[in-house]
2 protein chains.
Amino acid sequence: MAKPALYASLILSLILIFSLSSESAQLPRSSKRNPPRFLHPKVFNSNKPQLLRTQYQYETRFFTQRLDHFSFADLPTFRQRYLINTDHWVGPTRLGPIFFYCGNEGDIEWFADNTGFVWEIAPRFGAMVLFPEHRYYGESMPYGSRDEAYKNATTLSYLTSEQALADFTVLLTDLKRNLSAEACPVVLFGGSYGGMLAAWMRLKYPNIAIGALASSAPVLQFEDIVPLETFYDIVSNGFRRESTSCFNTIKKSWDVLISEGQKNNGLLQLTKMFRLCRKLENVDDLSNWLDSAYSYLGMVNYPYPSNFIMPLPGNPIKEVCRKIDNCPDGTEVLERIFEGINVFYNYTGAVDCFQLDDDPHGMDGWDWQACTEMVMPMSSSQDTSMFPAYDYNYSSFKEWCWSDFHVEPRPTWITTEFGGHDFKTALKMFGSNIIFSNGLLDPWSGGSVLEDISETIVALVTEKGAHHLDLRAATPEDPDWLIEQRASEIKLIEGWINNYHQEKKAIFEI
Amino acid sequence: MAKPALYASLILSLILIFSLSSESAQLPRSSKRNPPRFLHPKVFNSNKPQLLRTQYQYETRFFTQRLDHFSFADLPTFRQRYLINTDHWVGPTRLGPIFFYCGNEGDIEWFADNTGFVWEIAPRFGAMVLFPEHRYYGESMPYGSRDEAYKNATTLSYLTSEQALADFTVLLTDLKRNLSAEACPVVLFGGSYGGMLAAWMRLKYPNIAIGALASSAPVLQFEDIVPLETFYDIVSNGFRRESTSCFNTIKKSWDVLISEGQKNNGLLQLTKMFRLCRKLENVDDLSNWLDSAYSYLGMVNYPYPSNFIMPLPGNPIKEVCRKIDNCPDGTEVLERIFEGINVFYNYTGAVDCFQLDDDPHGMDGWDWQACTEMVMPMSSSQDTSMFPAYDYNYSSFKEWCWSDFHVEPRPTWITTEFGGHDFKTALKMFGSNIIFSNGLLDPWSGGSVLEDISETIVALVTEKGAHHLDLRAATPEDPDWLIEQRASEIKLIEGWINNYHQEKKAIFEI
């Protein structure tokens, strides 16, 4: 069994970059705007069960990496952590595959512990399993410590996706050479940001990896490739499909919140009504806390009970809406909201009072990435979204990044480096062997690839799936569509490896 | 007509990285060893005709580039020069192609003036022509000036091929956006190191370019992918196929040189015998001067008279060997060598005395690249080569790089980043639309791709071709095989563009 609490990091691995500040047509919202940020499981600390020991066996090793792979500047090296298991590997002479998980923005042990799929299928493939950590996360810190690495824009400046991909590539090349395993095929795995890395690595380093399973990877969530409203519209539709009145209540609630907050003692009233541990200082903190929950609910809207970021019932959005809708007639909007939000933040009923995110401006690796390369513009539509209407404003975003990090974002870099509007054409004409798997309930699915691009670049879409459930360990509760999705993935990966073996054999025979 | 003198840079664009120091079985050679270096046309200054004005029309522009694309370090920007001609471009609505020459290690005007093929075919394709300059060359200097850019290892540290490719990519993306030409297909061209860049750019940025013509691009001349003796063996075979006695005379000459040099007044005698302008200080300078000439002769061993690095007869190696062989019986070895070398260094007979390379240690961009990424190991075989036997020694090479640049080479980086031993498999399984064109007389051909890899990654090999002649402007003297080679290239490029147009049309229609 996988450890539910640990899974938080996987589910959250790519998360709400934008907490909405909001303006409505009726009432002006305050101008305070939460920064793009990586909502770490720490946000939910008070509700989080104890971490359990990992169930998967691996050896932890470290590999010395250059800080900048693309220049010869005289910079310190750092030690990249990676987890390795060779128990089932059939070795180089039989061209045993290497399953390589592209570590994302967090401690690699979390990802290893919550990517059961890779561990479970490795034996049947005779595969080695590798989980390298992403630089600047977990124990893979440049400059000796997290404090030093996160000190300022200069020390952080090498926290980029291309550097991370080069880390992976150099590590793999060295490891294969040491094991005389140069000819062994590498298959990439990744979920969320890790899935983006897997797809990009297959694209950029076809010499290194023969294929990639990119689960819930919003590689198109940049510039205006997909409509800016996509993310929040998907979340909103998830609520509307359960109940129009639920959707409407939430949509209405933001203005009610503001007007309540503006009353005498309004913030104190809200503090009591929402059972907050500390007095609310402004309404936005509460709004952000609520809309984070709705967005997470979109991601973890699984069809059976789960315990990833929170202990939650199956179809948690349905449950939230049931609570909102089923209050006695005459119940105020905000009381309904509170009933609903309890499903997310307090399903076990163990919470006495709620802590809002206490450190929204804390220096987080993903905040940095969002302020540099991972600029994912999002708006919230006045018409179609249940969230406060918000028009993405790059200038404000840029100002925030400057004030917080003294760095200027490069909003068009990712699309230049990895492909943007023409990504699909480029993949179709040049690429092969990538699976984009997505669940349509996942708000990130709107920024991913949902149609087959070619015979070998395929989309596996599940109507009822949410955020990269396919990478989880199998459970007895898995619905048929999930079992089938994983079977399809295995079959495709088998195909890649067989083709590669045939290719190699043909070359050897020449 | 193209300008012959300017062509020097094109022909020399990728050159002898290793001048041989040598040890023979019979006589110990001195331990002095010339560094890897970029033999610039300046070496041949005394023989070089006046530069003529360019015959091609273009506008010169500058584009502001980041110094490090892959980090957010606070570094100065620099101005990249590029040449542009839109006279024949049919524009964005008709998806007019963009022909993009990947500038290599030198002034981009030289390359523009000597890549007539691109200019000549642009009108029939309705194509825009772009010649961007490679950073740290010509007028594209970081830090404001060449002196500042070449000051030390820190300022030079961003002179890498990946940064250059990112420059190209960012420039193209910006330019296309400004012209609303995002959908216009880009075709890459490049010769020698520029050809390597073109192939690598097609591989790394399939989102940016639909295909690449990589002429004489030794993408496999790294590590031990091809035998280390390949380069000098090809040069040597070029001589042996003309005359075994010529080959033997040259092979014998190195020891004779040494023993002459060791005699009383030996260096003075050699100075006189070889009509040097200044007294020879050691035999190695003369050896290097001779073996450079032989290697260049391999590259420019064209079937008709040319004037690229030197005014030369057609089949210049045949001519050199005729001179060496046809001396009266009893002529000493070194006298024969002198007769032969005159064909290369003094075909017009206008030279009074010869200048050896007067600045072999000068800080040159290619020297830096060879000491960092472009580590191309080469040996010279005692048995099969006519050059002094030499075993490549990485330690010595590394020491030299340290003493000269204070930088440590990364000999396995290029193969990690762009593919090495598995380059062909990766291209076959992942790539498309690359032409590797090579002439088998060219010593660099041994490090390139000489067989079709797939239906769309093809090798165009000409038996009698030398270093990227196909990129030159057409002349009335072009042999049939060269005309056919260019016609094949045009046909393939047409195919890429047609496919792309169909693809786009299909997408538009959806």
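As the structure is a prediction and not an experimental result, all values here were calculated from the model.
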Using non-hydrogen atoms only, which part of [X] is less than 4.5 Å away from chain A: side chain, backbone, both, or neither?
X      : result
B:T173 : side chain
B:H69  : both
B:Y500 : both

Can you tell which part of [X] gets under 4.5 Å to a heavy atom of chain B, answering side chain, backbone, both or neither?
X      : result
A:L165 : neither
A:V407 : side chain
A:T456 : neither
A:R202 : both
A:H406 : neither
A:E373 : both
A:F423 : neither
A:T169 : both

4.5 Å side-chain heavy-atom contact, B:D68 and A:D68: yes

Within a reach of under 6.0 Å around NZ of B:K204, are more than 12 heavy atoms found that belong to other residues, nucleotides or ligands? yes

Just wondering, are more than 12 heavy atoms of other shown residues or ligands nearer than 6.0 Å to CD in B:E451? no

Using 4.0 Å as the upper bound for N to carboxylate O, is an ion pair formed by A:R177 and B:E223? yes

For chain B, find which of [options] contributes the most heavy-atom pairs closer than 4.5 angstrom.
options                        : answer
A:Y158, A:W368, A:F418, A:Y205 : A:Y205
A:E417, A:Q163, A:E182         : A:E417
A:G420, A:S161, A:G419, A:P206 : A:P206

Gap separating the [atom1] atom of [X] from the [atom2] atom of [Y], nearest 0.5 angstrom:
X      : Y      : atom1 : atom2 : answer
A:T425 : B:I210 : OG1   : CD1   : 11.5 Å
B:D74  : A:T154 : CG    : OG1   : 6.5 Å
A:N207 : B:L203 : CG    : CG    : 7.0 Å
B:K176 : A:T416 : NZ    : OG1   : 11.0 Å

Under the side chain to side chain contact (heavy atoms under 4.5 Å, CB included) rule, what do A:W413 and B:F70 come out as? Steps first, then yes or no, please. CA-CA 10 Å; A:W413 170 244; B:F70 306 104; 3.8 Å; yes

Indicate the atoms forming the closest heavy-atom contact of [X] with [Y], along with that distance.
X      : Y     : result
A:R410 : B:F72 : CD-CE2, 3.2 Å
A:T160 : B:S71 : CG2-CA, 4.2 Å
B:S157 : A:A73 : CB-N, 3.2 Å

